[in-house]
Protein chains: 2
Amino acid sequence: MSNYPINDAEELAALFKALSNPHRLKIFIGLARCCRPGQACAPSMRACVGELGDGLGLAPSTISHHLKELRHAGLIHMKRAGQHVECWADPEALARLSEFFHFAGGDASELAAFAEAHDKTMGEQR
Amino acid sequence: MSNYPINDAEELAALFKALSNPHRLKIFIGLARCCRPGQACAPSMRACVGELGDGLGLAPSTISHHLKELRHAGLIHMKRAGQHVECWADPEALARLSEFFHFAGGDASELAAFAEAHDKTMGEQR
DNA sequence: TGGATAATTCGACATGTTTCGAAATATAGA
DNA sequence: TCTATATTTCGAAACATGTCGAATTATCCA
C-alpha cells in the first residue's frame with residue numbers, strides 16, 4: 001500500500017464504482033468464479049447475459065446496462081456467440097485489484113489488535 | 001475467488017461504494033499509507049480532518065461528509081484529539097478487501113495470455 | 001423469407017450523490 | 001468568559017444512477 005501510485009486514484013475509483021452496486025458485484029463474482037488458473041475461463045464456462053440475470057430478478061435491459069458498466073470499467077469482456085453474448089471476467093483487472101490491497105494482507109491482524117487496545121483505553125468516536 | 005461467499009455481496013458492495021469516489025479513495029489511500037505492520041498506525045502518524053483536505057481542493061464540510069461515508073463503511077476510524085479529529089484506516093477492512101481479490105492473484109497473467117489469444121482469433125465485441 | 005429467441009437502445013422516472021455556504025458545536029488558550 | 005480554530009450539521013442545487021417497459025437490432029432455424 002505504501003508505494004501505490006496515488007495518481008491512479010481516478011482510474012481505480014472507476015473500478016470500485018463498477019463494483020459498488022450489489023447486482024453488478026454479484027454478476028462479477030459469478031463471472032470471476034470460473035475465471036481462474038486451471039479452469040481458465042474457457043468458452044464453455046462463460047455465462048451469457050440471460051443466465052446472469054437469472055436469480056437477480058432484474059429486467060433484461062437492466063442486466064444489459066450493468067454489463068455495459070462492467071465492460072466500460074474493463075472488468076469483463078463480452079463476445080457474441082450466435083444468439084447469445086458470452087461474458088467473462090478480465091483476469092488482468094482482477095490482478096490489479098488484488099495488487100492494490102496486497103500491501104494490507106499478511107500481518108494486518110497484528111495491527112488490528114494494536115488499534116483495538118488503543119481504542120479501549122482512549123474511547124473511540126461514534 | 002471460487003469459494004467466496006456470495007451472500008456477502010451487499011456488504012462488500014458498500015465497501016466498494018465508499019471507495020468509488022476519487023476524493024474518498026485519495027483520502028483512504030493517504031490514511032492507508034501509514035497503516036501497515038511496522039508503522040502500525042501510531043497516533044503520531046494519524047491525519048486530522050484538515051490535513052486530509054489539503055491538496056484536494058474541497059470545502060471542509062465536504063471532507064467531513066466523505067470521512068463520515070468512509071467511517072460508516074467501516075474503512076476508517078476517527079477519534080477526537082483536542083481541537084482536531086484523528087483519522088486512520090481500519091486494518092481489518094483492508095485485510096477483508098485483500099482477501100476478496102486474493103483468489104485472482106498469482107497466475108492471473110497466464111489466464112490473461114489465454115484470453116488475449118482467444119480474442120485475437122475470435123474477434124471481441126466493442 | 002419470416003418467425004422466434006436473445007440482447008441492446010431509448011426515454012422516463014424516482015432516488016441517491018456530490019458539493020457548497022451558512023449556521024451550529026467542540027475545544028484550547030488568553 | 002471570550003475568542004480563535006477545527007469540525008460537523010443542515011439545506012439546497014446540480015448531477016448521476018438504477019430501474020423499467022417499449023421499440024429496435026442481431027441471429028438462428030424452418
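Naming: A, B, ... by sequence-line order, numbering from 1 per chain.
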- Rounded to the Å, how far apart are B:I63 CD1 and C:dC20 C1'? 12 Å
- Note on the structure: Judged by nearest nucleotide, the residue sitting upstream toward the 5' end of DNA chain D, B:S64 or A:G82, is B:S64
- Note on the structure: When rounded to whole Å, the CD1 to P distance for the pair B:I27 and C:dT18 reads 11 Å
Sub-3.5 Å pairs of nitrogen or oxygen atoms, protein against nucleotides 1-6 of chain C:
from: C:dT5; atom 1: O2; to: A:Q83; atom 2: NE2; distance (Å): 2.7

- Message: Can you confirm whether A:C87 sits close enough to A:L31 that some side-chain heavy atom of one is under 4.5 Å from a side-chain heavy atom of the other?
- Response: yes
- What residues, two or more places apart in sequence or in another chain, satisfy side chain to side chain contact (heavy atoms under 4.5 Å, CB included) together with B:A73? B:L15, B:A18, B:L75
- Could you tell me whether the side chain of B:R80 and the main chain of B:G82 form a donor-acceptor pair under 3.5 Å? yes
- Query: When the distance from CD1 of B:I76 to P of D:dT7 is rounded to whole Å, what number comes out?
  - Reply: 13 Å
- Note on the structure: Heavy-atom closest pair (A:A32 atom, A:L94 atom, distance to 0.1 Å) is CB-CD1, 4.3 Å
- Message: If you compare all heavy atoms of B:L56 against all heavy atoms of B:H23, which two are closest, and at what distance to 0.1 Å?
- Response: CD2-O, 4.0 Å
- Query: What string of B, S and - do you get for nucleotides 14-19 of chain D, 5' to 3', if B is base contact, S is sugar-phosphate-only contact and - is no contact with any protein heavy atom under 4.0 Å?
  - Reply: ---SSB
- Closest heavy-atom pair, B:I63 versus B:G53, reported as atoms and distance to 0.1 Å, is CD1-CA, 3.4 Å
- Query: For A:A14, which residues count as a side chain to side chain contact (heavy atoms under 4.5 Å, CB included) partner, sequence neighbours excluded?
  - Reply: none
- Message: Is there a side-chain contact between A:F28 and A:I76 in this structure, where contact means two heavy atoms from C-beta onward sitting under 4.5 Å apart?
- Response: yes
- Tightest non-hydrogen contact, residues A:L25 and B:A13, listed as CD2-N, 3.5 Å
- Task: Quickly work out the A:K79 NZ to C:dT8 C1' distance and round it to whole Å.
- Result: 18 Å
- Note on the structure: Rounded to whole Å, the CD-P distance (B:E51 to D:dT5) equals 17 Å
- Query: Taking CZ from A:R71 and C1' from C:dA7, how many angstroms apart are they, rounded to a whole number?
  - Reply: 12 Å
- Would you list the pairs meeting side-chain hydrogen bond (donor to acceptor under 3.5 Å, both in side chains) in which at least one residue belongs to residues 50-64 of chain B, sequence neighbours left out? none
- Task: Would you mind reporting whether A:K17 and B:N21 have side-chain heavy atoms less than 4.5 Å apart?
- Result: no
- Rounded to the nearest angstrom, tell me the gap between atom NE2 in A:H72 and atom P in C:dT8. 11 Å
All N/O pairs under 3.5 Å across the protein-nucleotides 12-15 of chain C interface:
none

